[in-house]
Asker: 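Before I ask anything, let me first share the structure, which is written out below as structure tokens.
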Amino acid sequence: MPELANELTNRVNSRLNQVGPSGIREFDQRISAIPGIVKLTIGEPDLNTPEHVKQAAIASIAENDSHYSAQKGTLALRQAISGFLKRSQGLTYDPDTEIIATVGATEALTATTLTMLNPGDKVIVPTPTFALYFPIITITGATPVMVDTSQDDFVLTPEKLEQTLQAEGDAVKAVLLNYPSNPTGKEYPQDVITGLATVIANHGLFVISDEIYSELTYGVDHFSIAKLIPERTVLINGLSKSHAMTGYRMGYVVGPKAFIANVTKMHAFMVTSPSNPAQAAAAEALNNGDQDPIEAKAIYQRRRDFITTALADMGVSTVSPEGAFYIFAKIPDQFGTDDVAFAERLANEAKVGGTPGSAFGAGGEGYIRFSYAASDAALAVAMTRMKDFLTATAEVQ
């Protein structure tokens, strides 16, 4: 096997050296070899993709739909995205000029940041949040400005945003929101979104709104900031979570025509176009699958209630999740605040995998995230093992 020539070592994009691998994936891989471990680490639905969606992908293959699609995605899919956003959020986007189908929401986010940001720009990122945001901003030469929301019930308030903007100066170009939130499950109330929209407009900023979990809320309605400031909003979404289609890699980005025209160029440089069978499946999901997330949501809500009750019975406090499929739990006081050490002990001694909260940025320290997008049986085993672990460690103290 060839080894890289010595003189070429580290002769790569220097910004890559400023970022590390995903803390979520790195920890997951590190504990995966533990025999018998029950992993609640990765946010991937255990549910099957709906049958009618699978059949649409199969039909695409059978019909030899094997050529490049339009770079922005098939017109059928872009029309389906437009229709879905109109039905679900009352948003109006032109399929021809304001919508791009992407290879997952990850590509949508990366194409958007590469299009928007220049070296020296700053992006306000409320934390704890999805860890991918930090490296993709850094690679552009911009700086992610973490705003710790842990003292504000894990929600960025308009007042905190205003204070941060005053402190960070004119280099701030955008605010990146993720709600319902990964890792906390917090949904932003409409009045908070209204206040944030006012601050963002007053400062002449973009907002990148990652709403990938918008279809998975419990007892509250999702309210997109694009309803209030569509001229400033770049909206990211996809099918991975709502329709259990993570492997299909189907996402999308929508926004004002002038900005989407530039994202289209970046997207085309990166991937040319998405897979046709995946696009056919996504169009079917969006056109005829409104009931699918509702059925999934009932399952996730039952699991959420089970795991929060089980943790409460152990004396473990949690952030009250109103969406997505994560529990953000405070590690017990007897373990201090080192969430990585706690997660490692839990994995090795109890054979339960959770993700250290510090992987999600400032404010996540001292917490651990559990995904309840796992089977009922796996959750039951995990909670029993965790209870036994906490009881045994308390007796040793």
Asker: Are Leu161 and Val123 co-members of a hydrophobic cluster defined by side-chain heavy atoms under 4.5 Å apart?
Answerer: no
Asker: Tell me, with the steps shown, if Tyr68 and Thr272 meet side-chain contact (heavy atoms from CB on, under 4.5 Å).
Answerer: CA-CA 8 Å; Tyr68 292 126; Thr272 303; 4.1 Å; yes
Asker: Quick one: pull up CG in Asn262 and NZ in Lys257 and give me the separation to the nearest 0.5 Å.
Answerer: 12.5 Å
Asker: In terms of heavy-atom contacts, does CD of Gln291 have more than 12 from other residues, nucleotides or ligands at under 6.0 Å?
Answerer: yes
Asker: Using the test ring pair (Phe, Tyr, Trp, His ring centres under 6.0 Å), find all partners of Tyr252 that sit at least two apart in sequence or belong to another chain.
Answerer: none
Asker: Let me see the working for Lys387 and Asp313 under salt bridge (Lys or Arg N to Asp or Glu O under 4.0 Å), right down to the final yes or no.
Answerer: CA-CA 9 Å; Lys387 182 177 181 179; Asp313 288 345; over 6 Å; no
Asker: Would the number of heavy atoms belonging to other residues, nucleotides or ligands and lying under 6.0 Å from CG of Asp221 be above 12?
Answerer: no
Asker: What do the steps show when you test Thr97 against Ile260 for side-chain contact (heavy atoms from CB on, under 4.5 Å), and what is the final call?
Answerer: CA-CA 7 Å; Thr97 61; Ile260 292 298; over 6 Å; no
Asker: Is a donor on one side and an acceptor on the other found under 3.5 Å between the side chain of Glu365 and the backbone of Thr337?
Answerer: no
Asker: Count I, L, V, M, F, W, Y as connected when their side-chain heavy atoms are under 4.5 Å apart, and connections chain through other members. Are Leu379 and Ile299 then in the same cluster?
Answerer: yes
Asker: Are any side-chain N or O atoms of Thr198 and backbone N or O atoms of Thr194, one a donor and one an acceptor, separated by less than 3.5 Å?
Answerer: yes
Asker: Test His222 against Tyr179 for ring pair (Phe, Tyr, Trp, His ring centres under 6.0 Å), laying out the working first.
Answerer: CA-CA 9 Å; His222 181 76; Tyr179 70 107; 4.8 Å; yes
Asker: Of all the heavy-atom pairs spanning Thr217 and Lys297, show the shortest one and how long it is.
Answerer: O-CD, 2.7 Å
Asker: Distance-only, no hydrogens or angles: does the Gln279 side chain make a donor-acceptor pair with backbone N or O of Thr74 under 3.5 Å?
Answerer: yes
Asker: Quick check: closest heavy atoms across Lys72 and Arg78, and the distance to 0.1 Å?
Answerer: O-CD, 3.5 Å
Asker: Measure the OH-CD1 distance between Tyr372 and Ile327 for me, rounded to the nearest 0.5 Å.
Answerer: 5.5 Å
Asker: When Tyr367 is tested against each of Tyr326, Phe360, Phe335, Phe154 for ring-ring contact (aromatic ring centres under 6.0 Å, His included), which residue passes?
Answerer: Phe154
Asker: Mark yes or no for whether Thr49, through its side chain, and Ala244, through its backbone, hold a donor-acceptor pair below 3.5 Å.
Answerer: yes
Asker: Using a 3.5 Å distance criterion without hydrogens, assess whether the side chain of Asn178 forms a donor-acceptor pair with backbone atoms of Thr129.
Answerer: no
Asker: Is there a side-chain contact between Thr355 and Thr41, using heavy atoms and a 4.5 Å cut-off?
Answerer: yes
Asker: Which heavy-atom pair separates Ser32 from Lys39 by the least distance, and what is that distance?
Answerer: OG-NZ, 2.9 Å
Asker: How many angstroms lie between atom CG of Leu176 and atom CZ of Phe130, to the nearest 0.5 angstrom?
Answerer: 11.0 Å
Asker: I'd like to check Leu390 versus Val316 (side-chain heavy atoms, cut-off strictly below 4.5 Å). Are they in contact?
Answerer: yes
Asker: Using a 4.5 Å cut-off on heavy atoms from C-beta on, say whether the side chain of Tyr300 contacts that of Lys241.
Answerer: no
Asker: State, to 0.1 Å, how close Asp121 and Asn118 come at their nearest heavy-atom pair, and which atoms those are.
Answerer: OD2-N, 2.8 Å
Asker: Have Asp46 and Ser375 got a donor and an acceptor in their side chains that come within less than 3.5 Å?
Answerer: no
Asker: For a side-chain contact (heavy atoms from CB on, under 4.5 Å) check, start with the C-alpha distance between Thr143 and Ile137, then their side-chain angles and the critical distance, and finish with the verdict.
Answerer: CA-CA 6 Å; Thr143 300; Ile137 292 169; 5.9 Å; no
Asker: What's the spacing between Phe134 CZ and Ile136 CD1 if we round to 0.5 Å?
Answerer: 10.5 Å
Asker: Stepwise, does the side-chain hydrogen bond (donor to acceptor under 3.5 Å, both in side chains) test hold for His267 with Gln71?
Answerer: CA-CA 8 Å; His267 158 77; Gln71 289 187 323; over 6 Å; no
Asker: Side-chain contact, heavy-atom cut-off 4.5 Å: Lys173 with Lys122?
Answerer: no
Asker: Is there a continuous path of hydrophobic side-chain contacts, each under 4.5 Å between heavy atoms, that joins Leu165 to Ile225?
Answerer: yes
Asker: Between Asn237 (side chain) and Glu211 (backbone), is there a donor-acceptor pair under 3.5 Å?
Answerer: yes
Asker: Answer whether the closest heavy-atom distance between the side chains of Tyr248 and Leu239 falls below 4.5 Å.
Answerer: no
Asker: I'd like to know if the side chain of Ser371 and the backbone of Ala373 have a donor-acceptor N/O pair within less than 3.5 Å.
Answerer: yes
Asker: Atom CG of Leu47 and atom NE2 of His243: how far apart are they, to the nearest 0.5 Å?
Answerer: 12.0 Å
Asker: Arg345 vs Thr393, test: side-chain contact (heavy atoms from CB on, under 4.5 Å). Steps then yes/no.
Answerer: CA-CA 11 Å; Arg345 285 195 64 182; Thr393 53; 3.5 Å; yes
Asker: Just by distance, with hydrogens left out, do Gln89 and Ser224 show a side-chain donor and acceptor under 3.5 Å apart?
Answerer: no
Asker: What residue among Leu75, Leu77, Ile81 forms side chain to side chain contact (heavy atoms under 4.5 Å, CB included) with Gln79?
Answerer: Leu75
Asker: Could you give the distance from CG (Asp148) to CE (Met146), rounded to the nearest 0.5 Å?
Answerer: 10.0 Å
Asker: Looking at every non-hydrogen atom in both residues, tell me the closest pair between Ala101 and Gly73 and how far apart they are.
Answerer: CB-CA, 4.0 Å
Asker: Please name the pair of heavy atoms, one in Val175 and one in Ile200, separated by the smallest distance, quoted to 0.1 Å.
Answerer: CG2-CG1, 4.1 Å
Asker: Are Ile236 and Leu196 in one and the same hydrophobic cluster, where Ile, Leu, Val, Met, Phe, Trp and Tyr link if side-chain heavy atoms are under 4.5 Å apart?
Answerer: no
Asker: Can a donor-acceptor pair be found, under 3.5 Å and without considering hydrogens, that links the side chain of Glu187 to the backbone of Gly323?
Answerer: no
Asker: Quick check: do Thr149 and Pro128 have side-chain heavy atoms less than 4.5 Å from each other?
Answerer: yes
Asker: Would you call Arg30-Glu344 a salt bridge at under 4.0 Å N-O?
Answerer: yes
Asker: Could you tell me whether the side chains of Asp210 and Tyr133 share a donor-acceptor contact shorter than 3.5 Å?
Answerer: yes
Asker: If Ile, Leu, Val, Met, Phe, Trp and Tyr residues are connected whenever their side-chain heavy atoms lie under 4.5 Å apart, and connections chain through other members, are Val155 and Tyr218 in the same group?
Answerer: no
Asker: Does the side chain of Met314 come within less than 4.5 Å of Leu311's, by heavy atoms?
Answerer: yes
Asker: Give a yes-or-no answer on whether the side chains of Glu51 and Gln55 include a donor-acceptor pair shorter than 3.5 Å.
Answerer: yes
Asker: Counting C-beta onward and ignoring hydrogens, is there a side-chain heavy-atom pair between Thr318 and Ile307 closer than 4.5 Å?
Answerer: no
